[in-house]
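Working notes, beginning with the structure itself.
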Amino acid sequence: MEKIRKIATEEAFSIPEVAEALKQVVRGPTSSLDRLLVSQIYDSKPGASGYGMLNFLERLLDVEDHRLREMNELGVDMHLLSLTAPGVQMFDADTATDLAALANDRLADICRRHPTRFAGLASFAPQSPRRAAKEMQRAIRSLKLNGFILNSHTNGEYLDDPKYWPILEAAEALDACLYIHPRAASDGLKGPLQDYGMDTAMWGFGIETGTHCVRMMTSGLFDRFPKLKICIGHMGEAIPFWLWRLNYMNTRSQKMGRSPRTQLTMAEYFQRNFFITTSGVEDHLALDYAIRKLGVDHVLWAIDYPYQPSKPAVDFMDTAPLSEPDRAKLYHLNAERLFHIAPL
Ligand code: MN
């Protein structure tokens, strides 16, 4: 069997300066639900329980050593890297702007050193939308990065807020996909998600990120930005499974005057403007459903390194009941097209 190129599309990294700033911010007076996870990863003492046990920080800060060896062992050709959640979105606007630029510079260096092994999604600071748009232009035009990463809400606000439109304008004009990655739920949403470990990937992340995407669709912003491309992980943050009901009820809600009038239906926006990745959902039934619902050109493979183990993610895709041309689309062709990664 001919070897198939494997591009993993939601792969996290960090830099020491961002890690240090996160440690400081969770020692301060933040009300953010991200504090639980962030303090366990960035400020844990030896022998601590919780996320501190999993050594994520070491693996986030390493790109060219252990990570590359593991990629070689498993035949993973490329990681599309992104600064890990919550990115720079817990910082003040100036710190966030500076750290996003620094992280983008480091990311571009890594990609230049290993052009067939690493590609990168650029960070920006939504706290300052105009400066964010400038950084987005620099990241694509000068640094040659492949798209953008945003970790859901910023200070409880979502991209449907017109203040963020310069960011959406920039992404659309640059033909660069915006990956909306989870972070913990905003203060307005966090109430019952704070117990039983529900704050993170088990439940809260999907609720937060799915809500973000539904706000974008129902607000009508895709009429203003029809060519905007949004990618979301975790098999679509439950939206594919919910799509029929979202579509039906939104149509009714528009007739009742409760939702803004839109040119297309919610299903049409989701199928036109959204792409999903398989990160952290290794379920062949869910994959089959997502492909049938969205079309095979809108589904991409991802591991979610280092938060998910790589080998099961590779095994999941190798054994998925797909035709070989479809497997190639999920493993690399869709990523090459969406993120402007040069074919081999
Ligand atoms: Mn992730």
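These numbers were taken from a predicted model, which means no experiment stands behind them. Start at 1 and go down the list; that is how both ligands and their atoms are numbered.
Side-chain atoms of D223 and Y269 form a donor-acceptor pair, as typed in the model, at a separation below 3.5 Å. A side-chain donor-acceptor contact under 3.5 Å links E208 and S152. When only modelled atom types and interatomic distance are considered, S279 and Y307 share no side-chain donor-acceptor pair under 3.5 Å.
Cation-pi geometry between K23 and Y42 is not met at under 6.0 angstrom from the ring centre and within 45 degrees of the axis. Figure legend: R67 and Y305 shown without cation-pi pairing, the cationic atom not lying both under 6.0 angstrom from the six-membered ring centre and within 45 degrees of its axis.
Inside a sphere of radius 2.8 Å centred on the Mn ion (ligand 1), the protein N/O/S atoms present are E10 OE2, H181 NE2, D304 OD1.
By the 4.0 Å N-to-carboxylate-O rule, D297 lies close enough to K329 to be salt-bridged with it.
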